[in-house]
Amino acid sequence: MAHLSRDDVLKLARLSKLELTEEQLEKYTKEIDAIVAYVELLQAVDVSDLEPTNQVTGLVNVTRTDEVKEYASQIELLKNLPDSENDQIKVKRMIG
Amino acid sequence: MSTWKPITQIVQDVQSGTVSAVSLVEKSLAEIEAKADYRSIIAVTKERAFERAAQIDAQVAAGQSTGRLAGVPFIAKDNFLVFGADTTAASNILKGFDAPYQSTAIERLEAEGAICVAKANLDAFAHGSSTENSDFMTTLNPHDKTRVPGGSSGGSAAAVALELAPFALGTDTGGSIRQPASFSGVVGYKPTYGLVSRSGVVAMASSTDVIGPMTRTVEDAALVLDCMAGKDILDGTTIERAAEAYSQLGQQDLTGVKIGVIKEYFGEGLDSEVKTVIDQAIEKIKHAGATVEEVSLPSLKLALACYYIIVPAEISSNLSRYDGQRYGYFTDDADDLDHSYTQSRSIGFGDEAKRRIMIGTYVLSSGYYDAYYQKAQLVRTKLINEFKDAFNKYDVLLGPTAPTTAFKLGEHSSDPLEMYLTDIMTVAVNLAGVPAISLPAGLSDGLPVGVQLIANQSNDHQLLSIARSIEGVLV
């Protein structure tokens, strides 16, 4: 049984801010469906009395002293901007 | 004869003035140029490398102290932020990215006098097992040019096997150091999760990403690890290092060492010739005095499914930062911000990144979260418990690193699930956060086979000590 339809993948692409061609859409639907079918393996596993693992270090509330440290300069941090004006990030219009 | 001496000897030569750091950089760059046809290197950091080498030579001449890696050239996987060349993660979306700061691992190696000379190829964003997902080029296996070097740290593995530099750095999210080490015939070390800071390394899956050395010997790997390990305020997930130095390895002898051979890694799917090489390695290890028994961790057969839920979920989150606005690929064609995001990402990301982002978005989406993501986190606990039980009885667990030797270029590239299955013996270690190493165990049809050793969380020193002893009996 298929887990994902073409429309499901179209929705995933939209949520992920990706645009797919017809050809990609068809390919990804097939591939992602096969991968989801494979991971279904976990559905039958008994996990009663277990807690989920979100991280493995066991560290809790890692803090540090709040102090000023030298870091890359503003120029360094802005040098990769695709588009800028007056050292500000310039983006396309947001409201129509 | 080997191009490079063991790292400690190189350092002695530099410190005594017998060999200059500049000449070591020259030698490494010459090797890189001579073996460019393997396509393991994306860029060289020539100018900066020579500047640093000259500084180190001047320090030696002035009788000043130099570090424990003084003058040693190395190659970083191109997902480490490094000065002197772009950091691309082998992706089009990061092409031209000029790092504003360096990763902690690089800073720590530089503080000990190591010199980064080049950036190595990888599967884009470290998504893959062969380097075929690199947006730029595929690296060739040093033992057979018709085969892949493994991945995602395939460029680093090939670089070490080709002796372009004494060591390289890799990252391992699901086997990306160990599997290419196995395919290319080098040592690949995956430390305990959190032992080496991830600050300044392009994030893939933050709960399993680790950084580690790729070398020719265990001793070299231990020294490089020792120079990088420990807490870092720039990475809140870093853990305390062990009291003993990782470079001061323990016992030479395997008498009394308890080794559990993982039953699940010897089942269906394991190539019979790989099995033969591993069986021979086990015989040698037994002969050297270790106690070897079979051990079963039944949940290992669930690890890959668990991994391919958790990791894409974390990838979809980590890769959301690539929106084309602050850095990376940007298309000027869009007429509003939302389209600018979508178009920059659609053109900038390659096939595999898109696939993983969408899988991750699916398993995290409302209505599916409990069935997939939450379930995988629970199965992860089950797996961790089985590892803990096994380590109550054994010092290390042993199995093959990969089910086959290096596969042919293109052999698995048309079916992503088939490619994912090549990681079946490495992903569990990442989910559990435990340390592991791949050691060259021998050859099958002229191709390297790696044996994998796994230890309990934070037992890196013990693992490296046992690995060094095993390396001694396998040679």
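Computed from a predicted structure; not experimentally measured. To find a chain, count down the sequence lines: A is the first, B the second, and so on, and within it residues start at 1.
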Most heavy-atom pairs under 4.5 Å with chain B, out of A:V47, A:V36, A:I32, belong to A:V47
Determine which pairs satisfy ring pair (Phe, Tyr, Trp, His ring centres under 6.0 Å) with at least one residue from residues 41-65 of chain A, sequence neighbours left out, and list them in order.
none
Chain B to chain A donor-acceptor contacts, backbone plus side chain, under 3.5 Å:
| residue | atom | partner | partner atom | Å |
| --- | --- | --- | --- | --- |
| B:D98 | N | A:N80 | OD1 | 2.9 |
| B:D98 | O | A:N80 | ND2 | 2.7 |
| B:D98 | OD2 | A:K79 | NZ | 3.4 |
| B:A99 | O | A:K79 | NZ | 3.3 |
| B:D332 | O | A:K92 | NZ | 3.1 |
| B:D332 | OD1 | A:K92 | NZ | 2.9 |
| B:D335 | O | A:R93 | NE | 3.3 |
| B:L337 | N | A:R93 | O | 2.9 |
| B:D338 | OD1 | A:K17 | NZ | 2.9 |
| B:R345 | NE | A:S16 | O | 3.1 |
| B:R345 | NE | A:K17 | O | 3.4 |
| B:R345 | NH2 | A:S16 | O | 3.0 |
| B:S346 | OG | A:E19 | N | 2.7 |
| B:D351 | O | A:Y28 | OH | 3.0 |
| B:D351 | OD1 | A:Y28 | OH | 3.3 |
| B:D351 | OD2 | A:K27 | NZ | 3.2 |
| B:R355 | NE | A:E31 | OE1 | 2.7 |
| B:R355 | NH2 | A:E31 | OE1 | 2.9 |
| B:T361 | OG1 | A:S16 | OG | 3.1 |
| B:A371 | O | A:Q43 | NE2 | 2.9 |
| B:Y372 | OH | A:E40 | OE2 | 2.6 |
| B:K375 | NZ | A:L42 | O | 3.3 |
| B:K375 | NZ | A:Q43 | O | 3.0 |
| B:K375 | NZ | A:V45 | O | 3.1 |
| B:Q377 | O | A:T53 | N | 3.0 |
| B:Q377 | NE2 | A:T53 | O | 3.3 |
| B:Q377 | NE2 | A:N54 | OD1 | 3.2 |
| B:T381 | OG1 | A:E51 | O | 2.5 |
| B:T381 | OG1 | A:T53 | N | 3.2 |
| B:T381 | OG1 | A:T53 | OG1 | 2.6 |
| B:Q457 | NE2 | A:V56 | O | 2.7 |

With a 4.5 Å cut-off on heavy-atom pairs, point out which of B:L431, B:V379, B:I384 contacts chain A the most.
B:V379
Quick one: of A:L78, A:L77, A:L59, A:V9, who has the most non-hydrogen atom pairs under 4.5 Å with chain B?
A:L59
The interface call for B:L234 against chain A, heavy-atom contacts under 4.5 Å, is neither
How many angstroms lie between atom CD1 of B:I93 and atom CG of B:L319, to the nearest 0.5 angstrom?
7.5 Å
Compare every heavy atom of A:P82 with every heavy atom of B:G324, then report the nearest pair and how far apart it is.
O-CG, 3.3 Å
With a 4.5 Å heavy-atom cut-off, do B:L302 and B:L383 have their side chains touching?
no
Value rounded to 0.5 Å, distance of CG in A:L18 from CD1 in B:I347
11.5 Å
Side chain, backbone, both or neither: which part of A:V56 has a non-hydrogen atom closer than 4.5 Å to chain B?
both
Chain A contacts, top residue of B:G328, B:A432, B:A305, B:A99 (heavy-atom pairs, under 4.5 Å):
B:A305
Residue selection (most heavy-atom pairs with chain B, distance under 4.5 Å) from A:L20, A:L41, A:V45, A:I89:
A:V45
Report the option among A:V62, A:L15, A:I75 that has the most heavy-atom pairs separated by less than 4.5 Å from atoms of chain B.
A:V62
Is any side-chain heavy atom of B:P191 closer than 4.5 Å to one of B:I211?
no
Can you name the closest pair of heavy atoms from B:A229 and B:V196 and give their distance?
CA-CG2, 4.4 Å
Do you know which of A:I35, A:L42, A:L50, A:L81 has the most heavy-atom pairs with chain B at a distance under 4.5 angstrom?
A:L42
